[in-house]
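Presented below is the structure to which this report refers.
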Amino acid sequence: MTDYDPTTIEAKWQSAWNDAKAFESEVDSSRPKFYCLEMFPYPSGQMHMGHVRNYSIGDSMARFRRLAGYNVLYPMGYDSFGMPAENAAKKIGGHPHDVTWSNIESIRADLNRMGFSYDWRRELATSDSTYYRWNQWIFLKFHEMGLVERRTAPVNWCDPCDTVLANEQVKNNRCWRCAGEVRQKDMAQWFLKMTEYADELLDELEHISFPENVKAMQRNWIGRSHGAEIHFPIVDSDDVIKAFTTRPDTIFGVTFVTLAPEHPLCNALVSGTEFESDFRELADECARISEFDRINMLRDKKGVFLGRYATNPLTGEKVPIYAGNFVVASYGTGAVMAVPGHDQRDHEFAKKYEIPILQVLSEDEGKDPKVTGRAFEGLGWMVNSGQPGFDGLYGDDAKAAVINALEGEGMGTGTVQYRLKDWLLSRQRFWGTPIPFIHCRSCGVIPVPEANLPVELPLDVVFTEGESGNPLANHDGFVNTNCPSCGAAAKRETDTMDTFYDSSWYFLRFADALNDSAPFDKKSADYWLENGVDLYIGGIEHAVMHLLYARFFTKALRDAGLNDVSEPFSQLVCQGMVNAPTPFCADCNVEHHVDLEGQKCPTCGGLLGSRSAKMSKSLGNTVSPEIMIEKYGADTVRLFILFGANPEAGMDWSDSAIDSNYRQMRAIHSALVQGIENDSKLGTMDEWLLARARQSRSSWIDSMSNVGLRDGVMISHFEMVADWQWAQRRGGVSASASREYLTSWIPMLYPATPHLAEEMWKGLGMDTMLALTVLDLENSKGVSSRDVIVLGQEEYLRRVIDRARSVRELAERHTEGDLSAVIIQTAQHWKVKLASQAIQMHDENFDFKEGGNKFLQTQQCFQDEETKGDVMQFWRAIVVGQKKRRGRIHTWGEQERALVSSEYNEVDFLLDNAEFIVAALEIEDVEVYRAGTGEDVAGKARSSIPLEPGIAWR
RNA sequence: GCAGGGGUUCCCGAGUGGUCAAAGGGGGCGGACUCAAGAUCCGCUGUCAAGCGCUUCGCAGGUUCGAAUCCUGCCCCCUGCACCA
């Protein structure tokens with residue numbers, strides 16, 4: 001056989017898999033299914049290391065599950081709508097469609113070069129009308145269900161550019177393109193009523209296997225809080241301020257009420273009064289600044305008295321009404337009941353404006369509240385209510401009592417508030433799914449009839465650099481149409497959908513991607529998505545938005561009757577970042593571009609060090625997958641990625657590490673070749689190697705089943721080679737054992753490095769390629785009791801040699817001249833006997849404290865006065881242990897216990913292997929005998945223990 | 001501020017009460033092979049007085065016969081959310 005040649009074998013097997021249609025899967029309820037999915041890429045050009053990592057993980061798992069007999073669905077597609085393509089088109093003066101398709105071609109080629117095992121028949125691109133027509137179709141369904149709503153909402157608006165900006169495009173309240181000031185403008189927008197699913201989205205998190213931090217982020221995002229809406233009637237007015245609070249138990253401490261400046265009541269209360277000008281100033285300031293700046297400025301709490309008072313519904317007391325810059329209009333009711341005694345923010349505000357502070361909760365039951373100069377924000381016992389039936393109540397009881405009283409008076413209710421808002425879906429952009437609605441002068445806003453779908457994006461648009469706004473709105477052919485209802489001339493909606501819409505159901509489409517009469521067939525979806533996608537892999541950056549939208553969509557589609565599935569993803573793995581070294585200034589705590597490597601910090605002038613940072617264009621520390629594949633082959637890149645770190649952990653790129661992984665691939669290759677070509681009849685290590693293979697295989701299956709790819713690869717690509725090499729050094733294996741070993745090993749190499757595995761599988765003479773092979777993995781686990789002994793004795797030999805090495809240095813100091821022999825004294829027979837009995841007694845839960853000494857006295861070895869002390873000492877060492885080391889019966893593993901229990905003959909085994917010991921230690925001679933049957937060299941006889949012989953040098 | 005995750009040996013990173021001076025990799029050192037280099041293989045890589053020694057898993061305490069692992073407090077880093085009432 002030839003040398004390892006990845007380029008040739010990888011191309012060869014990729015086309016063989018393709019010809020065999022090895023990865024095409026169909027619904028088959030006779031087999032367990034496994035739906036393996038990666039977050040599909042945005043086709044921005046070439047594949048980057050993050051993609052390679054993401055898909056290497058997924059591909060290994062898909063291949064592993066196929067090997068184990070699962071019916072695996074493993075598809076790929078492109079999230080191909082979005083602004084970057086639009087901007088790229090403007091730059092080159094083309095159409096986003098062309099830009100997108102050339103990028104897709106490039107990514108597809110990269111994916112193929114990596115050998116990922118996708119079912120390419122299911123490939124989809126969201127910008128393809130065969131896909132987005134179903135976006136529109138679903139949108140109409142949602143509309144029928146009442147989930148779609150059109151209402152006005154403030155948007156970031158840039159006058160010079162005549163366009164809406166996304167939040168990310170606003171920097172310091174200025175437009176990213178023209179640097180013009182951005183203002184908030186109310187416009188009609190399309191919404192999906194996701195809040196209707198808020199409770200289910202939150203509660204179902206308990207039952208799905210997402211990483212804890214992702215769940216926390218989603219909980220936070222949904223932000224459900226229980227509390228009460230409390231009505232504060234305005235004095236001398238019919239208006240009522242409705243305030244939301246999570247702490248109704250503090251109602252008796254309310255000393256003022258604060259409104260968001262945007263709150264409609266502000267205007268009504270203040271206009272025409274002496275307070276109006278101050279209020280206008282505050283309101284203008286809040287309206288002008290962007291959300292980003294607002295947070296920065298809000299450290300400075302400002303408020304304006306509006307000149308009017310409200311009534312506390314339970315006490316009838318009059319409290320002043322303020323407008324405050326820290327009250328968020330869109331959360332709760334935009335009005336806050338202020339309790340400076342029990343809310344630190346209100347506390348500071350009250351101090352600043354000299355408003356009274358009341359304490360109505362006590363930290364200690366039955367005592368007066370402590371005066372601390374701060375608000376006490378915890379739960380406490382009600383005091384100072386001035387009303388019967390409240391004082392002394394605590395926590396939830398207190399809250400319930402207040403809510404109860406308010407409801408009795410008709411002055412409030414217990415409510416639930418969410419931070420989650422409805423999904424603002426519309427974008428004033430070209431490169432997205434057109435919202436399928438038509439504006440008719442007489443009929444209003446009406447849906448495009450299903451039969452007229454898709455509403456297609458025009459291709460005859462030329463994008464140019466200077467252009468602003470939405471080209472769709474200026475495209476007469478697109479805009480002008482007839483009303484489907486009355487037939488009169490009408491205008492199409494020119495808003496397109498948020499691209500998150502596209503990615504919210506693609507995993508369902510994959511189940512039945514070629515369907516041209518429905519988004520997907522219900523049976524297919526229910527089969528492939530039963531209990532959700534079995535493994536979903538992607539970046540943490542999608543922890544909230546994408547994953548929440550997708551969960552919402554799945555539930556909404558379920559309610560539309562399209563599927564039975566409620567949760568789209570049963571297990572989520574967020575793969576870590578791929579980092580690479582970049583120059584770093586420790587003093588300034590700033591990372592710099594790789595161009596500055598070895599230079600001085602541009603800020604402080606200190607010498608730049610290095611640290612690893614996420615690969616990014618801005619730092620220039622990226623590594624091109626294509627170059628690496630070219631240099632080392634796809635298998636090596638895959639091995640490096642999988643071995644570098646467990647999927648969830650961050651990993652550092654290292655040139656020397658990938659180099660060493662390439663060497664590892666070659667070592668594997670040459671071991672395999674050696675095994676295939678082996679024609680030896682003798683095999684002194686056969687038994688051990690095959691026992692070891694069974695052991696490794698079992699732990700490999702366990703690791704792989706738990707997506708523990710790093711551990712899996714460590715076994716399959718490192719330990720298996722090391723064992724093979726050890727067997728060779730220890731005397732070699734026979735042809736038949738080689739064959740058996742390889743038959744077990746090569747499939748283990750397959751998930752991570754499939755090309756090499758296929759090549760060697762064929763080299764072994766197998767007719768069916770691994771891609772089509774199914775193994776009964778679960779039932780091939782486990783080792784025999786004979787294996788345990790065989791493995792144990794080999795382990796024992798290694799330890800004896802290691803031990804001999806470590807005492808060598810000591811011996812050298814005490815000996816003149818070269819050391820030429822090792823003297824090994826194994827434990828006395830009585831020790832072996834005692835240890836074996838102790839193990840058995842331990843298994844039977846013998847109480848050594850209680851009966852240990854009594855037992856010892858019955859033993860024959862204990863009768864000899866001369867050795868009595870040794871016996872005591874040894875007994876202690878094996879059943880009790882010392883300060884830091886427990887007795888051996890507790891610490892011996894399965895193998896050791898098996899050996900000791902069988903009263904294993906160490907002398908014979910070591911003598912059988914004397915030649916190897918001599919070679920390994922580079923000495924001339926080794927003597928082995930049982931302690932007491934020969935000279936007690938260096939007094940080692942006493943300290944010998946079963947499996948831990950005394951070792952001396954001469 | 002709140003929430004989540006972290007801090008392990010030169011570096012990366014496993015490790016959740018005793019089998020732990022702590023897997024594996026990287027790097028470094030030494031050896032074999034070689035004219036040499038590379039590749040490959042073997043060994044070493046906390047410390048010393050070489051031992052059932054001593055010190056080490058962010059810092060300080062505590063629980064325990066025994067702590068990298070459990071508890072308390074503190075410091076630092078990352079991620080997300082943020083005057084959310």
Side-chain angles (χ1 to χ4, degrees), chain A residues 211-221 223 225 227-228 230 243-247 250 258 260 291 294-295 297-301 324-328 330-339 342-346 348-349 417-419 540-541 543-544 574 577 579 581 589 610-612 640 643-646 648-652 654-661 663-664 666-667 670 708 710-711 713-715 718-719 722 725 728-729 801-802 805-807 809-811 813-814 873 876-877 880-894 896 919-922 943 945 948:
Chain A
E212 231 10 82
N213 57 337
V214 173
K215 285 192 188 184
M217 280 191 243
Q218 294 211 356
R219 271 188 215 111
N220 201 279
W221 190 263
S225 48
I230 302 180
F244 174 73
T245 180
T246 56
R247 297 297 303 274
T250 63
T258 318
E291 222 170 299
R294 189 160 169 178
I295 290 160
M297 290 188 57
L298 280 174
R299 277 183 215 127
D300 183 24
K301 291 184 186 54
N325 63 351
F326 59 90
V327 181
V328 181
S330 58
Y331 182 76
T333 59
V336 180
M337 65 171 220
V339 187
H342 301 286
D343 182 291
Q344 187 57 26
R345 195 181 38 208
D346 295 343
E348 285 161 25
F349 192 89
Q417 274 296 328
Y418 301 91
R419 209 188 72 95
I540 187 75
E541 66 273 18
V544 176
C574 291
M577 302 281 182
N579 304 311
N589 193 24
S610 172
R611 94 166 165 188
S612 99
F640 169 78
F643 185 60
N646 255 330
E648 296 87 351
M651 71 179 296
D652 293 334
S654 150
D655 291 334
S656 56
I658 190 159
D659 225 66
S660 104
N661 280 286
R663 289 200 299 268
Q664 190 67 24
R666 291 218 309 241
S670 82
R710 189 170 189 281
D711 291 348
V713 162
M714 182 144 70
I715 295 166
F718 289 81
E719 290 177 7
Q725 287 165 347
Q728 299 308 313
R729 268 204 295 146
I801 292 173
D802 276 353
R805 279 201 182 106
S806 71
V807 296
E809 206 179 322
L810 174 65
R813 287 182 211 179
H814 298 285
Q873 199 183 352
R876 200 178 151 71
V880 183
Q882 287 88 21
K883 192 172 64 174
K884 276 198 159 181
R885 183 157 191 193
R886 294 177 86 202
R888 301 293 197 282
I889 54 169
H890 302 286
T891 61
W892 273 327
E894 187 192 9
E896 286 136 328
L921 295 174
E922 297 168 305
S943 61
I945 283 181
E948 294 170 47

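All values below come from the heavy atoms of this structure, side chains included, with hydrogens, waters and symmetry mates left out. Naming: A, B, ... by sequence-line order, numbering from 1 per chain.
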| request: Look at A/Arg888 together with A/Glu896 and state whether they make a salt bridge at an N to O cut-off of under 4.0 Å. | output: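 Not counted as a salt bridge, because no side-chain N and carboxylate O are separated by less than 4.0 Å.
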
Any side-chain heavy-atom pair from [X] and [Y] closer than 4.5 angstrom?
X: A/Ser225; Y: A/Tyr418; result: no
X: A/Asn213; Y: A/Ile540; result: yes
X: A/Thr245; Y: A/Val336; result: no

Write down the distance between [atom1] ([X]) and [atom2] ([N]), rounded to a whole number of angstrom.
X: A/Gln218; N: B/G4; atom1: CD; atom2: P; value: 15 Å
X: A/Glu922; N: B/C33; atom1: CD; atom2: C1'; value: 13 Å
X: A/Ile658; N: B/C12; atom1: CD1; atom2: C1'; value: 16 Å
X: A/Asn220; N: B/G4; atom1: CG; atom2: C1'; value: 9 Å
X: A/Glu896; N: B/U19; atom1: CD; atom2: P; value: 13 Å
X: A/Asp711; N: B/G13; atom1: CG; atom2: P; value: 15 Å
X: A/Arg729; N: B/C42; atom1: CZ; atom2: C1'; value: 6 Å
X: A/Asp659; N: B/U40; atom1: CG; atom2: P; value: 9 Å

| message | If you only use heavy atoms from C-beta on, which nucleotide in B/G4, B/A85, B/G80 is closest to the side chain of A/Phe244? | response |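 Output: B/A85.
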
| query | With respect to the side chain of A/Tyr331, which nucleotide from B/C42, B/G80, B/A85 is positioned closest? | reply |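 Minimum distance to the A/Tyr331 side chain belongs to B/A85.
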
| Side-chain N or O of A/Arg419 less than 4.0 angstrom from OP1 or OP2 on B/A82? |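 Yes, because at least one side-chain N or O of A/Arg419 sits under 4.0 Å from OP1 or OP2 of B/A82.
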
| query | Is any side-chain nitrogen or oxygen of A/Arg345 closer than 4.0 Å to OP1 or OP2 of B/C84? | reply |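 A/Arg345 to B/C84 OP1/OP2: side-chain N or O found under 4.0 Å.
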
Using the [atom1] atoms only, state how far [M] lies from [N], rounded to an integer number of Å.
N: B/G24; M: B/G73; atom1: C1'; result: 35 Å
N: B/U47; M: B/A37; atom1: P; result: 29 Å
N: B/G43; M: B/C10; atom1: P; result: 23 Å
N: B/G46; M: B/G1; atom1: P; result: 41 Å
N: B/A67; M: B/G17; atom1: P; result: 15 Å
N: B/A39; M: B/C33; atom1: C1'; result: 11 Å
N: B/C54; M: B/G61; atom1: C1'; result: 23 Å
N: B/U34; M: B/C44; atom1: P; result: 24 Å

Is there a Watson-Crick or G-U wobble partner for [N] with both distances under 3.5 Å, and if so, which one is it?
N: B/C2; result: B/G80
N: B/U72; result: B/A60
N: B/G51; result: B/C48
N: B/G24; result: B/C12
N: B/U40; result: B/A32

| field | Test item: A/Gln218 side-chain N/O and A/Ala543 main-chain N/O as donor-acceptor pair under 3.5 Å | value |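 Here the side-chain-to-backbone pair exists.
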
| field | side chain to side chain contact (heavy atoms under 4.5 Å, CB included) between A/Thr250 and A/Met337, intermediate numbers included | value | CA-CA 10 Å; A/Thr250 63; A/Met337 65 171 220; 3.6 Å; yes

| message | My understanding is that only one of A/Asp659, A/Ile658, A/Val713 makes a side chain to side chain contact (heavy atoms under 4.5 Å, CB included) with A/Phe640; could you say which? | response |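 Of A/Asp659, A/Ile658, A/Val713, side chain to side chain contact (heavy atoms under 4.5 Å, CB included) with A/Phe640 is met by A/Ile658 alone.
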
Between protein and nucleotides 24-27 of chain B, what N or O pairs are separated by less than 3.5 Å?
unit_1	atom_1	unit_2	atom_2	d
B/G24	N2	A/Arg710	NH2	3.3
B/G26	OP1	A/Ser660	OG	2.7
B/G26	O3'	A/Ser656	OG	3.4

| field | Position toward the 5' end of RNA chain B (nearest nucleotide), A/Thr245 or A/Trp892 | value |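 Mapping each residue to its closest nucleotide by heavy atoms, the 5'-most match is A/Trp892.
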
| field | Atom CD of A/Glu541: over 12 foreign heavy atoms under 6.0 Å | value |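 Count over threshold, so yes.
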
| said: Using a heavy-atom cut-off of 4.0 Å across all strands, would you classify A/Gln725 as base, sugar-phosphate, or nothing? | reply: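 Here A/Gln725 touches the backbone only, sparing every base.
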
| Which class fits the ring pair A/Phe643 and A/Phe718: parallel under 30°, tilted 30 to 60°, perpendicular over 60°? |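 The arrangement is parallel - the two ring planes meet at less than 30°.
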
